[in-house]
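Everything numeric in this text was worked out from a predicted model, so none of it was measured. Every heavy atom of this structure was used, including side-chain atoms; hydrogens, water molecules and symmetry mates were not.
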Amino acid sequence: MDKTVSQLPARLDHYHHQVKTIILARQNPITGLLPASTAITAHGDYTDAWVRDNVYSILAVWGLALAYRKIDADAGRTYELESSVVKLMRGLLFAMMRQADKVEQFKHSQLHQNALHAKYNTQTGDIVVGEGDWGHLQLDATALWRGVVAQITASGLHIIYTIDEVNFVQNLVYYIGRAYRTPDYGIWERGNKINHGNSELNASSVGMSKAALEAINGLDLFGVRGSQASVIHVLPDEIARARITLENLLPRESSSKEIDAALLSVISFPAFAVEDIQLIVRTRNDIINKLQGCYGCKRFYAMVIKQFWKIRNACTTSLGN
């Protein structure tokens, strides 16, 4: 037997211990949601469940479950991990379905106050912030959940159980389908770079929405047990418009942000939303050259920052002379 194969169970057990300790130990036993943090600081209460944070966290659990499928003696861990994944994704589904009326209103109004909330109470799944007190309109978060639901369903798990839930997911198609022309607050929940509460068109939101629409188009949410009634449909024009808009925005994130680390999720995992190899390379190089530091990447780079440092250096040089 290959040495690497023989070591696989031990490696997976090591990762399982990390996943249990870091992620699943904090999963709420009732709602299945994860707190963004256990900290309550002077800057705010971070024990709420952000949609985006929950989805990215559970991807690690789902990935480990897929790995455990490859071995025979998994000690029941495949089922345990898969159940935790389903519980969290359904917890987010329940939280969003409580706002189904807002989704219907948003389709017609495109108003910020009709947007799905971006975070919920970890213990109950209830909303925690008022409609006008937070930049809830974050299309990338909703699209990320949708896209991952599609991938998990395609892997054989069942997130959606009833036709009512199928109808809600279908309604989310129309919710994010106009992302190509819907200004939102983006991944950093702040809108424009100046953070004055002004929404703008963000390439990361458009790209994630495009990827979600492509992933779920034609997918039977009931898996092999479904029928035509449980298949999700997407208008091809919406995908095409999102692609055109995305390609015209890149490598910029928005009108106020020249480049953004959030675009890594669009040009690579989990969206892989860009087909143009040259555009992918150009965007990636811009992120590395302008945002990469010693310990990771800064959030974004704006031309106003560049101009500030130019003026400051010019003034310093002038004073020095």
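By the rule that hydrophobic residues join a cluster once side-chain heavy atoms approach within less than 4.5 Å of another member, Y79 and V61 end up as members of separate clusters. W62 and I71 fall within the same hydrophobic cluster, where Ile, Leu, Val, Met, Phe, Trp and Tyr residues are linked whenever their side-chain heavy atoms come under 4.5 Å apart, directly or through other members. V173 and V231 fall into different hydrophobic clusters, defined by Ile, Leu, Val, Met, Phe, Trp and Tyr side-chain heavy atoms under 4.5 Å apart, directly or through other members. Cluster annotation: L250 is not connected to Y180 through the hydrophobic network of ILVMFWY side chains, with a link wherever side-chain heavy atoms come within less than 4.5 Å. Each of I288 and V274 belongs to its own hydrophobic cluster when Ile, Leu, Val, Met, Phe, Trp and Tyr are linked at side-chain heavy-atom distances under 4.5 angstrom.
Look at R77 and D13 and you find a salt bridge, because one of the NZ, NE, NH1 or NH2 atoms lies within 4.0 Å of a carboxylate O, short of that distance. The pair R98-D126 meets the salt-bridge criterion, since a charged nitrogen lies less than 4.0 angstrom from a carboxylate oxygen. Using a cut-off of 4.0 Å between Lys/Arg side-chain N and Asp/Glu carboxylate O, E200 and K193 are scored as not salt-bridged. Looking at R241 and E238, no side-chain N of the basic residue comes within less than 4.0 Å of a carboxylate O on the acidic one, giving no salt bridge. Between E275 and K210, at least one side-chain nitrogen of the basic residue sits less than 4.0 Å from a carboxylate oxygen of the acidic one, meeting the salt-bridge criterion. Under 4.0 Å is where a charged nitrogen must lie from a carboxylate oxygen, and between K20 and E80 at least one such pair does.
A donor-acceptor pair under 3.5 Å is absent between the side-chain atoms of R178 and the main chain of Y174, judged by distance alone. Between the side chain of Q138 and the backbone N or O of Y185, no donor-acceptor pair lies under 3.5 Å. A donor-acceptor pair under 3.5 Å links the side-chain atoms of E253 to the main chain of S204, judged by distance alone. Checked by atom type and distance alone, the side chain of R252 never pairs as donor or acceptor with a backbone atom of D260 at under 3.5 Å. Between the Q170 side chain and the H233 main chain, a donor and an acceptor come within less than 3.5 Å of each other. Distance alone, capped at 3.5 Å, is enough to place a donor-acceptor pair between the N289 side chain and the N285 backbone. Panel note: side chain N202, backbone S205; no donor-acceptor pair is recorded below 3.5 Å. Counting only distance, with no hydrogens or angles, the side chain of T122 and the backbone of T47 share a donor-acceptor pair below 3.5 Å. Without hydrogens or angle criteria, K290 side chain to K298 main chain gives no donor-acceptor distance under 3.5 Å.
Taking CD1 from I176 and CG from D140, the interatomic distance works out to 10.5 Å, rounded to the nearest 0.5 Å. Taking CD1 of I267 as the reference point, atom CG of L264 lies at 5.5 Å (rounded to 0.5 Å). Annotation: the span from E165 atom CD to L221 atom CG amounts to 9.5 Å, rounded to 0.5 Å. Distance check: M208 CE to L213 CG gives 12.0 Å after rounding to the nearest 0.5 Å. Remark: Q151 CD to I216 CD1 distance equals 10.5 Å, nearest 0.5 Å. Taken to the nearest 0.5 Å, the CG atom of L24 stands 4.5 Å off from the OG atom of S84.
Checked by atom type, the side-chain pair S230/D220 shows a donor-acceptor distance below 3.5 Å. The closest side-chain donor-acceptor pair between H136 and Q99, if any, does not fall under 3.5 angstrom. Under 3.5 Å, the side chains of E189 and W50 contain a donor-acceptor pair of N or O atoms. When only modelled atom types and interatomic distance are considered, E131 and H112 share no side-chain donor-acceptor pair under 3.5 Å.
Taking each heavy atom of I58 and M89 in turn, the nearest pair found is CG2-SD, 4.1 Å. Q278 approaches D276 most closely through the heavy-atom pair N-OD1, 3.0 Å. The two atoms that bring A215 and G147 nearest to each other are CB-O, 4.4 Å, heavy atoms only. When all heavy atoms of P270 and Y56 are compared, the closest pair comes out as CD-OH, 3.7 Å. Between A262 and I187 the shortest heavy-atom distance is CB-CG2, 3.4 Å. Contact between I232 and V166 at its shortest, heavy atoms only, is CD1-O, 3.9 Å.
Seen from the ring of Y175, R146 does not count as a face-on cation partner, given the 6.0 Å and 45° thresholds.
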Walk me through it: do N54 and W145 pass the test side-chain contact (heavy atoms from CB on, under 4.5 Å)? CA-CA 9 Å; N54 270 249; W145 179 83; over 6 Å; no
Worked check of side-chain contact (heavy atoms from CB on, under 4.5 Å) between L34 and D53: CA-CA 8 Å; L34 294 166; D53 297 47; over 6 Å; no
Could you walk me through whether I259 and L291 pass the side-chain contact (heavy atoms from CB on, under 4.5 Å) check? CA-CA 8 Å; I259 191 67; L291 300 178; 4.0 Å; yes
Can you list the steps and then say if I127 with Y120 is a side-chain contact (heavy atoms from CB on, under 4.5 Å)? CA-CA 5 Å; I127 62 174; Y120 301 94; 4.3 Å; yes
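S265 is not listed as a side-chain neighbour of R52, based on a closest heavy-atom distance of 4.5 Å or more. Side-chain atoms of D286 and L263, non-hydrogen and from C-beta on, never get closer than 4.5 Å to each other. I287 places a side-chain heavy atom less than 4.5 Å from the side chain of C297. Using a 4.5 Å heavy-atom threshold, the side chains of V148 and L59 count as touching. Side-chain contact check for V55 versus L92: some heavy-atom pair is nearer than 4.5 Å. Side-chain contact between L93 and F168 is present, with at least one heavy-atom pair separated by less than 4.5 Å. In this structure the side chain of F222 reaches within 4.5 angstrom of the side chain of I163, judged on heavy atoms. When side chains are defined from C-beta on, E104 counts as touching N171, because their heavy atoms get closer than 4.5 Å.
More than 12 heavy atoms of other residues, nucleotides or ligands shown are found within 6.0 angstrom of OH on Y161. Crowding of H108 atom NE2: a count of heavy atoms from other residues, nucleotides or ligands under 6.0 Å exceeding 12. Crowding of K70 atom NZ: a count of heavy atoms from other residues, nucleotides or ligands under 6.0 Å not exceeding 12.
Shown are S255, S199, S256, S254; of these, the side chain to side chain contact (heavy atoms under 4.5 Å, CB included) with N192 is made only by S256.
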